[in-house]
Q: 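Before we start, here is the structure in question, set down as structure tokens.
The first residue in the sequence is number 1, and the count goes up from there. Note that the structure is predicted; figures quoted are calculated from it, not measured.
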Amino acid sequence: MPFKIVRSLAIVCIVVYLTTTLGLYVLQREMMYFPTHANPSPSSVGLSDVSVERLTTSDGEHLVLWYAAAADNQPTILFFHGNGGEMAHRADRFAVYRSAGFGVAFLSWRGYGGSSGAPSENGLLIDAETAFEWLTDQGIPAEDIAVVGESLGTGLAVRVAANNPVGALVLGAPFTATVDIAADRFPWIPVSLLMKDQFRSVDHIGAVQAPLFILHGSDDRVVPYKFGRGLYEAAASQAIFETLPNEGHQALYAYTTWAKEIAFLRGVFDADSKP
């Protein structure tokens, strides 16, 4: 093949590569966060006696939180949803937790639902800590709070549990780091250098001292199973890892998965209440 043709092809390949890489860099947050901006009332999605709280973050954003108090001697779940949709889309999950007698607090991230701002790793961490502090300001001891995260929300749940003496931590389809998932998906791009929001849970899981329960579908293609297993292996606390056989990411939205979480939390908090 003539040198000029080879050179032209090489130039085209380089231009395509650089253009694609630049596009992924510029649009990375649009590819990572998928809010639908739905902001219905709890009653409109079938929830009764749920208060709508308005929280203000340290950087001036305004967040929506749905809250129902716990029955006597029961823990409160602080739930962090994933990167798609809204907390309102998890109303059935809220109802299941509540039917168990647990207190329930669902947080709408900045840029999601009726919350102001735009999502970023640092911003979501501020949101998570704001929600946790709001619960403790209501007089709920940290050790009576169970932090539950799904998918992207696990990255924030790990950070809150690493920074505070919570009663339990439950993670559905977690990861070592979102940058690890991106590198696995785009091996031809230097994502570790370009990715803004890397959610490096593996760097913080060792600081978690609370009982830890991880659930992960063996066939999960959104957050591959190996990344959840890797986080479990890095954990310092007493941890339980449960494989959901032949299940994908959709297992996070199944009643059977929530029932496993509830059973774990009952075991943790009932044991804590024994003399």
Side-chain angles (χ1 to χ4, degrees), residues 32-34 75-100 102 104-109 112 124 128 131-132 145-162 166-178 180-181 199-202 204-205 208 210-235 237-269:
M32 190 169 189
Y33 305 104
F34 306 102
T76 295
I77 289 179
L78 175 57
F79 176 74
F80 297 145
H81 68 75
N83 65 338
E86 313 290 345
M87 66 175 179
H89 299 148
R90 283 84 170 172
D92 48 353
R93 186 173 192 150
F94 190 110
V96 168
Y97 289 156
R98 194 175 179 198
S99 68
F102 298 157
V104 188
F106 273 32
L107 175 67
S108 181
W109 301 120
Y112 286 73
L124 267 57
F132 178 81
I145 297 174
V147 184
V148 179
E150 64 167 32
S151 195
L152 186 73
T154 65
L156 291 312
V158 168
R159 295 292 296 275
V160 169
V166 302
L169 175 62
V170 176
L171 305 175
F175 42 77
T176 48
T178 53
D180 293 340
I181 300 173
F199 290 94
R200 299 190 60 85
S201 294
V202 71
H204 304 280
I205 194 69
V208 174
L212 169 61
F213 185 37
I214 296 176
L215 305 97
H216 212 126
S218 62
D219 295 343
D220 195 325
R221 295 184 179 181
V222 177
V223 181
Y225 178 83
K226 63 182 178 181
F227 296 118
R229 189 73 192 180
L231 187 68
Y232 164 72
E233 292 169 356
S237 65
Q238 181 179 1
I240 297 172
F241 186 97
E242 179 155 345
T243 299
L244 305 174
N246 305 313
E247 294 283 358
H249 207 63
Q250 286 299 116
L252 296 178
Y253 313 113
Y255 173 81
T256 52
T257 300
W258 309 335
K260 292 177 186 292
E261 297 172 354
I262 290 169
F264 169 77
L265 293 174
R266 285 200 189 285
V268 169
F269 289 97

Q: Measure the shortest side-chain to side-chain distance between I214 and I240 over non-hydrogen atoms and say whether it is less than 4.5 angstrom.
A: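 No; the side chains remain at least 4.5 Å from each other.
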
Q: I need the minimum non-hydrogen distance between S218 and N246, along with the two atoms involved.
A: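 Reported closest heavy-atom pair: OG-N, 2.7 Å.
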
Q: What's the spacing between H249 NE2 and L244 CG if we round to 0.5 Å?
A: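 If I round to the nearest 0.5 Å, the distance is 12.0 Å.
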
Q: So, do H216 and F227 have ring centers that fall under 6.0 Å from each other?
A: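 No, they do not, as the ring centres are separated by 6.0 Å or more.
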
Q: For A251, does its backbone N or O pair with a side-chain atom of T257 as donor and acceptor, under 3.5 Å?
A: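 Yes, because the side chain of T257 sits within donor-acceptor range (under 3.5 Å) of the backbone of A251.
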
Q: Please round to the nearest 0.5 Å and tell me the distance separating atom CG of D219 and atom CZ of R221.
A: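 Reported to 0.5 Å precision, the distance equals 7.5 Å.
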
Q: On a heavy-atom basis, which atom in V170 and which in F264 lie closest, and how many Å separate them?
A: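 Minimum heavy-atom contact is CG2-CD2, 3.9 Å.
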
Q: If you measure from CZ on R200 to OG1 on T178, what distance do you get to the nearest 0.5 Å?
A: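 It is 9.0 Å, given to the nearest 0.5 Å.
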
Q: With heavy-atom distances below 4.5 Å as the criterion, would you say the side chains of L107 and F80 are in contact?
A: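 Sidechains of F80 and L107: in contact.
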
Q: In sequence, state the C-alpha distance, the side-chain angles, and the governing distance for L265 and I77, and then conclude on side chain to side chain contact (heavy atoms under 4.5 Å, CB included).
A: CA-CA 10 Å; L265 293 174; I77 289 179; 3.8 Å; yes

Q: Find out whether the Lys NZ or Arg CZ of R229 is both under 6.0 angstrom from the six-membered ring centre of F241 and within 45° of the ring's axis.
A: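 Here R229 passes the 6.0 Å and 45° test against F241.
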
Q: Considering all heavy atoms of both residues, which atom of G230 and which atom of T176 are nearest to each other, and what is their separation?
A: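 Heavy atoms of G230 and T176 come nearest at C-CG2, 3.7 Å.
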
Q: Would a line drawn from the ring center of Y253 to the ring center of W258 be shorter than 6.0 Å?
A: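 For Y253 and W258, the ring centres are not under 6.0 Å apart.
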
Q: So, do F102 and Y97 have ring centers that fall under 6.0 Å from each other?
A: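 When the ring centroids of F102 and Y97 are compared, they turn out to be at least 6.0 Å apart.
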
Q: Quick one: CG on L231 to CD1 on I205, what's the gap to the nearest 0.5 Å?
A: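 The distance works out to 4.5 Å.
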
Q: Strictly distance-based, threshold 3.5 Å: is any side-chain N or O of W109 a donor or acceptor partner for the main-chain N or O of H81?
A: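 Looks like yes, one N/O pair under 3.5 Å.
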
Q: To check you understand the geometry: which heavy-atom pair defines the closest contact between R90 and G82, and what is its length?
A: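 For R90 versus G82, the nearest heavy atoms are NH2-N, 3.6 Å.
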
Q: Taking D220 for the side chain and Y225 for the main chain, is one N or O donor matched with an acceptor at less than 3.5 Å?
A: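 Such a contact is absent between D220 side chain and Y225 backbone.
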
Q: Report yes if the side chains of D92 and Y255 come closer than 4.5 Å at any heavy-atom pair, otherwise no.
A: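 Of all side-chain heavy-atom pairs linking Y255 with D92, none is under 4.5 Å.
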
Q: Does the side chain of V166 come within less than 4.5 Å of F132's, by heavy atoms?
A: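 SC-SC contact between F132 and V166 confirmed.
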
Q: Give me the atom names and distance for the closest heavy-atom approach of G155 to F199.
A: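 G155 and F199 have their closest heavy atoms at CA-CD2, 4.4 Å.
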
Q: Mind checking whether V96 and I262 have side chains closer than 4.5 Å, heavy atoms only?
A: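 Yes, side chains in contact.
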
Q: Any donor and acceptor pair, going by atom type alone, linking the side chain of H204 with main-chain N or O of S201 inside 3.5 Å?
A: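 A pair under 3.5 Å: no.
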
Q: Nearest heavy-atom pair of T154 and G172: which atoms, and what distance?
A: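 Scanning both residues completely, I find the closest heavy atoms to be CG2-O, 3.5 Å.
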
Q: Given the rule in the side chain to side chain contact (heavy atoms under 4.5 Å, CB included) test, do F94 and F79 qualify, once you have shown the distances and angles that lead to the verdict?
A: CA-CA 9 Å; F94 190 110; F79 176 74; over 6 Å; no

Q: Should F213 and L169 count as side-chain neighbours, where that means a heavy-atom distance under 4.5 Å?
A: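 Answer no - side chains too far apart.
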
Q: Would you mind checking if R93 and E261 are paired as a salt bridge, meaning a charged N to carboxylate O distance below 4.0 Å?
A: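 Counted as a salt bridge, because a side-chain N and a carboxylate O are separated by less than 4.0 Å.
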
Q: Considering only heavy atoms from C-beta outward, does the side chain of I181 approach that of V222 to under 4.5 Å?
A: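 The answer is no, as the side chains (C-beta and beyond) never meet within the 4.5 Å cut-off.
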
